[in-house]
Amino acid sequence: MDAALTREVPCRRFKDGRWREITDDVAEEVRVTVRLDGVGTCRLFASPIDPEGLALGHAALDMLGPGRIPVLARAEGLCFDLETAPDTRPEPDPSLPGTLAASDMLALVTRFIAAPGLWDGTGCFHRAGLYDPRAGDFVARAEDIGRHNCLDRLAGFGLRQGIALPEHILFLSCRVTASMMEKALRAGLRLIVSRSAVTGAAVSLAREHGVTLVGFARDAESRFTVFADAAGRIAA
């Protein structure tokens, strides 16, 4: 694991009825400042992974409306000054991400979770991934101490690479709450698969906006629960 992302600290552990003096790895956390011209300033606490991508993605999803995208004007340390530009990217293909069979769903969950990641060393990181059904592979993965940051990072990746997020399947390790669903809606995502729970508000938003929402996707238990799927994206 990258030493810059974690720090070893001395601590005391109680286990099996006794105390031990140990050292343990904890995740580093930094404050990223995003200043968007004509809009305002926000500060994010995040892992020190690609802070520029995080800043771009957060501005795109939380600080700008449709038709505009953020562009980096200046960076100084963990402070990013952004300007806005017209969004000239082509409209996403409405036929994507298509349908997903149950057996394929579980296989993809296995691939998503089995990939090495930062969780392994600290237990502190959430994970998100974009699966491209045309390529048959995950085109991007993001990890962060904050689950919302993971989606921001994927949005930043999409901006840099010219990738349309709505044409992909979003895989998450975290709970899907209303705030997470709202961010996914702003990203235009249409099929969301989480290994964890979903809230009632998230289900209501998914049904209202025609988003397919799957929770409790557990490969080891060979199960998942479809909470919303008016478009029929999960095959019987």
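Please read all numbers here as calculations on a predicted model, not as lab measurements.
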Step-by-step side chain to side chain donor-acceptor pair (under 3.5 Å) determination, Ser194 to Ser196:
CA-CA 5 Å; Ser194 173; Ser196 191; 4.9 Å; no
Applying the 4.5 Å side-chain criterion to the ILVMFWY set and letting contacts propagate, would Ile169 and Ile163 be lumped into a single cluster?
no
Looking at side-chain heavy atoms only, is the closest gap between Leu5 and Pro48 below 4.5 Å?
yes
Side chain to side chain, Arg175 and Arg147, heavy atoms closer than 4.5 Å
yes
CH2-CZ distance between Trp19 and Arg12, expressed to the nearest 0.5 angstrom:
4.5 Å
I need the His148 NE2 to Cys174 SG distance, nearest 0.5 Å.
8.0 Å
Looking only at heavy atoms, the pair that brings Arg233 and Gly210 closest together is NH1-O, 3.0 Å
Looking at Thr99 and Ala235, would you say the former's side chain and the latter's main chain have a donor-acceptor pair under 3.5 Å?
no
Starting from Leu54 and following side-chain heavy-atom contacts under 4.5 Å between hydrophobic residues (I, L, V, M, F, W, Y), which residues can be reached?
Val30, Val32, Val34, Leu36, Val39, Leu44, Leu56, Met63, Leu64, Ile69, Leu72, Leu78, Phe80, Leu82, Leu159
Keeping the roles fixed (side chain from Glu8, backbone from Thr23), state whether a donor-acceptor pair exists under 3.5 Å.
no
Could you note down all residue pairs passing salt bridge (Lys or Arg N to Asp or Glu O under 4.0 Å) where residues 190-202 supplies at least one of them, sequence neighbours left out?
Arg195-Asp219
Heavy atoms only: give me the nearest Ala142-Cys150 pair and the separation to one decimal.
CB-O, 3.6 Å
Once salt bridge (Lys or Arg N to Asp or Glu O under 4.0 Å) is applied, what residue pairs with a partner in residues 99-111 remain, sequence neighbours excluded?
Arg111-Asp137
CZ of Phe157 to CG of Leu165, rounded to nearest 0.5 Å, is 9.5 Å
Output for pair (Met181 CE, Ile192 CD1), nearest 0.5 Å, gives 4.0 Å
Heavy-atom closest pair, residues Cys124 and Ala27:
SG-CB, 3.9 Å
Testing the basics here: between Pro133 and Leu96, what is the closest heavy-atom pair and its distance to 0.1 Å?
CG-CD2, 4.4 Å
Under 4.0 Å between a side-chain nitrogen and a carboxylate oxygen: does that hold for Arg74 and Glu76?
yes
Sub-4.5 Å side-chain heavy-atom contact between His168 and Tyr131
no
When hydrophobic residues are tied together by side-chain contacts of less than 4.5 Å, even through go-betweens, does Leu151 share a cluster with Leu191?
no
Minimum heavy-atom distance between Ala46 and Asn149, given as atom pair plus value
CB-ND2, 3.4 Å
I'd like to know if the side chain of Asp229 reaches the main chain of Ile234, judged simply by a donor and an acceptor atom lying under 3.5 Å from each other, with no hydrogens or angles considered.
yes
Near Arg141 CZ, under 6.0 Å, is it more than 12 heavy atoms from other residues, nucleotides or ligands?
yes
Ring-plane angle category for Phe138 and Phe112, please: parallel below 30°, perpendicular beyond 60°, tilted otherwise.
parallel
Residue set satisfying side chain to side chain contact (heavy atoms under 4.5 Å, CB included) with Ala73, at least two apart, ordered chain then number -> Glu83
Evaluate the side-chain proximity of Leu205 to Val211: yes if any heavy-atom separation is below 4.5 Å, no if none is.
no
Quick one: does Leu108's side chain get under 4.5 Å of Leu100's, heavy atoms only?
yes
Kindly compute the distance separating CZ (Arg153) from CD1 (Ile49), expressed to the nearest 0.5 Å.
5.0 Å
When clusters are formed by joining ILVMFWY residues with side-chain heavy atoms under 4.5 Å apart, either directly or through shared neighbours, do Leu170 and Phe227 land in the same one?
yes
Should the heavy atoms of other residues, nucleotides or ligands under 6.0 Å from CZ of Arg134 be counted, would the total exceed 12?
yes
Using 0.5 Å steps for rounding, measure from the CG atom of Leu130 to the CZ atom of Phe171.
10.5 Å
Can you run down the side-chain hydrogen bond (donor to acceptor under 3.5 Å, both in side chains) pairs that involve residues 45-67, sequence neighbours left out, and say none if there aren't any?
Asp50-Arg160, Glu52-Arg160, His58-Asp152, Asp62-Lys183, Asp62-Arg186
With salt bridge (Lys or Arg N to Asp or Glu O under 4.0 Å) as the rule and sequence neighbours excluded, what pairs involving residues 34-44 come up?
Arg35-Asp81
Any sub-3.5 Å donor-acceptor pair from Arg13's side-chain atoms to Asp24's backbone N or O?
no
Are Leu172 and Val214 linked, directly or through other ILVMFWY residues, by side chains that come within less than 4.5 angstrom of each other?
no
Val139 versus Gln161: any side-chain heavy-atom pair under 4.5 Å?
no
Tell me whether Phe216 shares a hydrophobic cluster with Val198, the cluster being built from Ile, Leu, Val, Met, Phe, Trp, Tyr side chains joined at under 4.5 Å.
yes
Counting C-beta onward and ignoring hydrogens, is there a side-chain heavy-atom pair between Ile145 and Phe125 closer than 4.5 Å?
yes
